[in-house]
Amino acid sequence: MPVPTIYWISGSAPAWRVLLGLEFKNVKYQSHILQTSKKEQKEDWFLSINPRGQIPVLKDGETVVTESQAILRYLEMKFPEPALFGSSPRESAAIEQSIQEILGYCDPALSAFIQPVFRNQIDQHRTDLPDIGKTIKSELTSIENKIGNTSTPWIAGEFTAADIMLIPTIQRLLRAIKKEPEVAVEINLGDFDSRYPGLGTWNSTVESLPMFENTYPPHWREADLADC
Ligand SMILES: N[C@@H](CCC(=O)N[C@@H](CS)C(=O)NCC(=O)O)C(=O)O
C-alpha cells in the first residue's frame, strides 16, 4: 500500500511539527528532504505540487496538503488514534487555545531573540533586549503555569498537538541560548532549567522520546550553530 510522502527542509519548525505528528501516530511515510542550498523548493517539479514553493507538503495519493496546521488536521482525521487534538469539547478547546497561544504569541516573542542571534544581528537589537526579555518571560511563564497545573510533564495533561507545536519553538530557543549565552543571561534566560523547572522537565522528557530522535533536524547534528 502506498504511503504518504512528506516534503520538508531540515530545521523548519512547521515541517518538524508535521514529522512529529506522523511519528506520534505511527504513520508509515516516505521522507523527501529538499535542499534549500540548491533552491529545490523553487524547482518546477516542486512548484507543480505547491505553487508557493514552500514546505511542508504532504502528498497522500492524489491528495496534496500544504500548511503544517492543515496537514496535522488531515492526519488526525485519517489516523484518529492516538489522538492529538483531544477527545472532548473541553480537551479540544484547551489544546486549541494552547496552540494559538504558542503560535500567535510565544513563537513571535522568542523569535525576537532567536532571529537576531542566528542572523548575527544582536548589536542592531541591543536597545530592544530588555523588552524582548520581558515578553519572553511573560510567554514562558504562561506555559510554565499550564504545565504546573497538570500531573504530567505535558501542557494539556496528555501529550497533544500543543506539545508538538512547542517542541521546535523551545529547541530553537535553547539553540540560540547556546550560541549567545551572555545575551541569554542579559535577558534572564540563563539557567533555563531552574528558572522554568516545568519546561525543563517537559524538554528533557521530549528529548527522550524516540519520535524526537527520529525527527531531529539532520543539519543540527552537524555541530556548528550556524543557523536555526
Ligand atoms: N504557514 C506555513 C509556513 C511555511 C513556511 O514558511 N515554510 C518555509 C520553511 S519554515 C519554506 O518553505 N521556506 C522556503 C521558501 O520559502 O523558499 C506552514 O505552517 O506550513
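Computation of the quantities below employed the complete heavy-atom set of this structure, encompassing side-chain atoms and omitting hydrogens, waters and symmetry-equivalent molecules. In each ligand, atom 1 is the first atom listed, and ligand 1 is the first ligand listed.
- By the 6.0 Å and 45° rule, R221 does not stack over the aromatic ring of Y216.
- In terms of modelled atom types and a separation under 3.5 Å, the side chain of T36 and the main chain of K39 share no donor-acceptor contact.
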Could you go through residues 193-212 and list every donor-acceptor pair under 3.5 Å that involves a side-chain atom there, pairing it with any protein atom two or more places apart or in another chain?
unit_1: S194; atom_1: OG; unit_2: D191; atom_2: O; d: 3.3
unit_1: S194; atom_1: OG; unit_2: D191; atom_2: OD1; d: 3.4
unit_1: R195; atom_1: NE; unit_2: N188; atom_2: O; d: 3.1
unit_1: R195; atom_1: NE; unit_2: G190; atom_2: O; d: 3.2
unit_1: T201; atom_1: OG1; unit_2: P197; atom_2: O; d: 3.1
unit_1: W202; atom_1: NE1; unit_2: D163; atom_2: OD1; d: 2.9
unit_1: N203; atom_1: OD1; unit_2: Q171; atom_2: NE2; d: 3.0
unit_1: N203; atom_1: ND2; unit_2: E207; atom_2: OE2; d: 3.1
unit_1: S204; atom_1: OG; unit_2: G200; atom_2: O; d: 3.2
unit_1: S204; atom_1: OG; unit_2: T201; atom_2: O; d: 3.2
unit_1: T205; atom_1: OG1; unit_2: T201; atom_2: O; d: 2.6
unit_1: E207; atom_1: OE2; unit_2: Q171; atom_2: NE2; d: 2.9
unit_1: S208; atom_1: OG; unit_2: T205; atom_2: O; d: 2.7

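- Checked against the 6.0 Å centroid threshold, W8 and H219 do not count as a close aromatic pair.
- The protein residues lying under 4.0 angstrom from ligand 1, judged by non-hydrogen atoms, are S12, P14, Q41, K42, G53, Q54, I55, P56, E67, S68.
- A donor-acceptor contact shorter than 3.5 Å is absent between the side chain of S111 and the backbone of Q115.
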Evaluate R126 against D131 for salt bridge (Lys or Arg N to Asp or Glu O under 4.0 Å), listing each step before the verdict. CA-CA 10 Å; R126 203 151 277 284; D131 283 343; over 6 Å; no

